[in-house]
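Just so we're on the same page: letters track the sequence lines, and every chain starts at 1. This is a predicted model, so every value here is computed, not measured.
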Amino acid sequence: MKRGVPLFKMLRRKQLTKKENQLETTKDAHGFPIEIFLDVQKNIENIQKILNTPSDLVTREFTVGNTKQRCAIVCIDGLVDQTTINDKIIRNIQLGMANSGKEIPASGEELLKEFENHVLSAIEVKKLNTLDQVMQSVLSGDTALFVQGTDQVLLIGSKGWASRGVNEPSTEALVRGPRDGFTENLRTNTAHIRRHIRDPNLRFENFSVGRRSKKDLVLTYIDGIVHPDLVGEVKRRIKTIDLDDAPESGFIEQWLEDSFLSPFPTLSPTERPDKVCAALTQGKVGLLLDGTPFALVAPITFGNLLQSPEDYYERWWVGTFLRFLRYFGAFLAVFLPGLYIALVSYHPGMIPSKLAFSIAAAREGVPFPAVIEALVMITVLELLREAGIRLPKPIGQTIGIVGGLVIGEAAVSAGIVSPVMVIVVALTAISSFSVPSYSLAITFRILVYGMMFLAAGFGLFGLILGYIMINIHLVNLKSFGIPYSTPFAPSFYADWKDLILRAPIMMIGKRPIMMQVDDEKRMRKGGKS
Amino acid sequence: MPKTLWKYSLLILVVFLGGCWDRVEIEERGFVVGAAVDFPKEGDEGNEMEEDAANKPHGKHRYLLTLQLVVPGSMSQGAKTGGGAGSGGDAYYNISSVGDTMFQTDRQLANRVSRSPFFPHMKILIISEEVARSGHLPDIMDFFLRDSEMRRGVKVMISKGEAREVLGVKPVNEKLPAMYIDSVTENERSSSATLPDPLRIGDLNEKLLTRESFIIPRIKSAGKEVKIGGVAVFEGEENKMVEWLGGEEVMGLAILKGTLKGGAININVGDNLVSYETKGDIKRKIKADISDKENMKFIFTIESEGIITESMETIDYLNDPAKWVLVQNRVADEMKRMAEKTIRKLQKEMKLDVIGLSTYLAQNYPELWKSVGKDWDHGENYFSKATLHVKARVIVRNPGTVNQTEPLQED
């Protein structure tokens with residue numbers, strides 16, 4: 001990676017050459033024994049000691065059937081489904097074995113095998129023999145079954161904690177399209193993807209991130225479509241992750257992204273399963289983190305961020321129209337305030353005469369130059385947006401009206417800002433909301449300031465400079481090796497069918513060339529080019 | 001690292017030191033919408049504070065420059081914001097000064113207004129007949145063409161009488177006289193006939209650079225309104241105004257040039273009038289016989305298609321093809337009459353070719369043009385010796401939305 005500018009070099013993150021951080025044992029550090037004893041009682045005491053007897057730890061000792069054979073189950077209250085434990089474990093061991101009339105094996109080893117093969121009616125049962133793994137499983141919601149006289153432990157899948165139902169994604173609402181969104185539950189999320197893509201080549205690869213939190217991170221892709229190097233690179237980057245906790249996929253995004261100095265996102269977060277699935281079929285990869293409804297899609301290009309699933313769900317005329325509208329909106333969102341400043345302060349000759357006179361009339365008596373006026377108004381708008389998120393829902397409505405209408409109106413009639421400025425700011429806000437990707441919209445909100453300063457200093461010349469600078473940055477930026485500005489530059493004209501234009505789906509017969517997929521045809525017929 | 005920081009702070013300084021040098025807020029500009037040039041009269045004074053030194057350069061003439069500036073605060077009734085200066089009053093003011101050059105006068109004016117004049121929104125430039133006839137038109141135009149703030153879309157007009165009076169009209173429906181005049185020239189309905197095509201300053205520049213004779217529209221002020229009609233004919237050698245052409249002659253000229261786009265043509269049918277209007281451009285063809293330099297022959301074939309716009313005479317157009325043809329022929333005759341009237345005036349009185357025959361010859365007979373070009377409408381004046389014929393053909397495409405308004409009189 002070449003970087004000519006020393007400032008960037010200076011700030012550049014040190015190359016990640018850290019050793020692989022994998023499950024390190026923490027227990028021996030605290031001086032607890034990590035072996036599994038033959039005695040049930042001893043095992044339970046050990047676990048209680050390691051966890052410091054937390055209030056949500058449930059241990060239960062009981063005997064098998066009518067015999068004196070002792071066993072115990074250990075689980076975390078709240079993480080497990082209690083009916084599973086009652087019906088499928090305890091009832092079966094105590095009642096089932098007593099009533100079956102079978103002889104109960106005397107040795108612990110035999111008994112454990114009997115449990116695994118005949119008694120437990122749970123679907124997910126595995127045998128472990130290290131305390132380390134047992135603890136890990138118990139802490140993520142499984143139930144451990146210890147049997148007297150053996151150092152083998154049975155782990156029964158009993159995850160069942162309270163989780164939010166599947167709701168419509170609130171940040172990416174559509175008029176038409178599936179209403180289900182990801183939830184905080186990883187399994188639900190993978191299920192969403194499976195339900196959309198029933199391809200046996202769909203892959204879910206598990207990683208554990210967070211030194212402390214040990215969260216599940218699932219890398220998903222479709223084998224046979226995706227370019228193997230991409231998967232390799234993503235895996236390499238995932239392995240460099242060295243955090244103690246990743247509360248949200250934003251942490252993963254920031255760790256994996258190509259350039260942390262760029263204001264542009266190079267991974268796209270989404271709450272929509274259909275969006276992830278569409279990306280997978282294009283040869284991209286998805287990342288699902290347990291505990292957050294936001295999945296990540298990589299790699300992405302600038303064009304991807306201005307696409308919405310609805311472009312495809314509606315007919316292609318509509319899709320194309322919406323795309324055009326969005327590109328226009330994106331332009332306004334970045335350049336409109338700058339354009340206003342440049343035209344008003346430097347080039348009034350470029351405004352149509354009558355408009356120029358009415359802008360001049362509107363600005364009559366405004367004490368600030370257009371820059372200050374614009375800066376004040378844009379900042380007020382940003383404040384309102386920020387406050388709007390923070391405020392409780394019922395008040396949020398009010399603040400919209402108070403902020404938008406009352407303050408705006410008052411500022412105009414007090415002569416602090418001109419009415420034209422209010423229109424400009426409102427248009428900018430609306431335009432930035434038309435950008436489907438929230439992370440890109442935020443980027444635009446930052447860039448607006450840069451453009452305003454450039455316009456204030458150099459007029460249209462400055463604005464054009466800014467435009468060129470943004471473009472230089474965009475063509476330099478890469479997302480997992482894919483240039484951010486593809487397919488504009490480098491130009492893949494075949495991909496332009498699905499860029500600003502959204503060609504009829506029969507005509508988009510091939511997967512994007514830029515993804516260099518293994519299987520490039522997406523339909524048998526139709527794809528003529 | 002300190003070195004790098006130093007470099008970047010220098011970069012940032014560039015923005016703060018280099019920027020903003022020509023920033024003038026929109027409300028601090030004095031928008032000039034119109035300008036007028038006259039010769040000064042008694043009592044018009046320029047910069048009295050200046051003592052004239054003996055060796056100070058002087059021009060051939062002193063000019064009175066009048067600028068019309070906008071008062072934006074009074075422009076819109078709706079947006080009364082803050083302390084809109086001068087709200088309620090006129091939306092413009094005219095300000096005049098006398099000077100040797102346009103630029104000097106402009107800068108003198110800037111000393112007297114709070115907002116410096118800003119020209120890109122200038123719509124019209126009016127030059128008085130007196131100045132036009134003096135032959136100083138190119139001298140005046142230089143500033144309006146050369147200055148970087150000037151736009152080539154400014155419309156130029158010659159005023160009958162004082163030019164600054166034209167800028168002083170008080171139009172009823174528009175706030176700015178200049179905008180009002182600008183709109184009148186754009187008025188499609190009338191622009192066709194007696195109103196000549198507006199002449200933009202860029203085109204005028206072209207004409208000044210050639211030896212071709214040309215025309216500039218005429219404007220007259222009358223209290224609350226202006227009247228634009230007729231043209232001033234300029235002779236191409238010295239760019240001096242020679243004579244006016246009146247309304248009907250302008251229409252004749254438009255027929256000859258093939259630029260007629262509408263306008264009423266009245267004809268007599270029976271003892272009543274029928275009115276006809278051309279729709280779309282008329283077609284014009286020129287056929288030339290140049291065998292004799294001294295007596296060239298030109299035949300103008302004009303074809304016009306249009307509709308009956310008014311028929312005071314009751315005619316059953318749909319069932320009386322003979323009458324239809326009669327109307328067509330009468331209109332053709334009328335067009336021919338107007339064209340010939342214009343030819344007579346141009347050829348015999350003014351001896352100036354503004355029909356565009358010179359361009360036609362230069363383009364189609366370049367060899368001939370080399371020998372006659374210099375004496376086309378000067379000196380030998382081959383133009384006035386030539387014979388010009390007009391043939392007109394008219395097709396009435398439809399008689400309007402009704403056939404008759406009253407029953408036919410039974411004979």
Taking side chain as everything from C-beta outward and backbone as N, CA, C, O, which of these in A/I351 sits under 4.5 Å from a heavy atom of chain B? Side chain, backbone, both or neither.
both
For the pair A/N471 (side chain) and A/Y467 (backbone), establish whether a donor and an acceptor sit closer than 3.5 Å, ignoring hydrogens and angles.
yes
Sort B/R23 into side chain, backbone, both or neither according to what part of it lies under 4.5 angstrom from a heavy atom of chain A.
both
If we ignore angles and hydrogens, is there a donor and acceptor under 3.5 Å between the side chains of B/E165 and B/S159?
no
Any idea which heavy atoms bring B/R164 and B/S96 closest together, and the distance?
NH1-OG, 3.7 Å
Heavy-atom contact with chain A under 4.5 Å, split by part of B/F118
side chain
Is a side-chain N or O of B/E27 found less than 3.5 angstrom from the main chain of A/G365, in a donor-acceptor match?
no
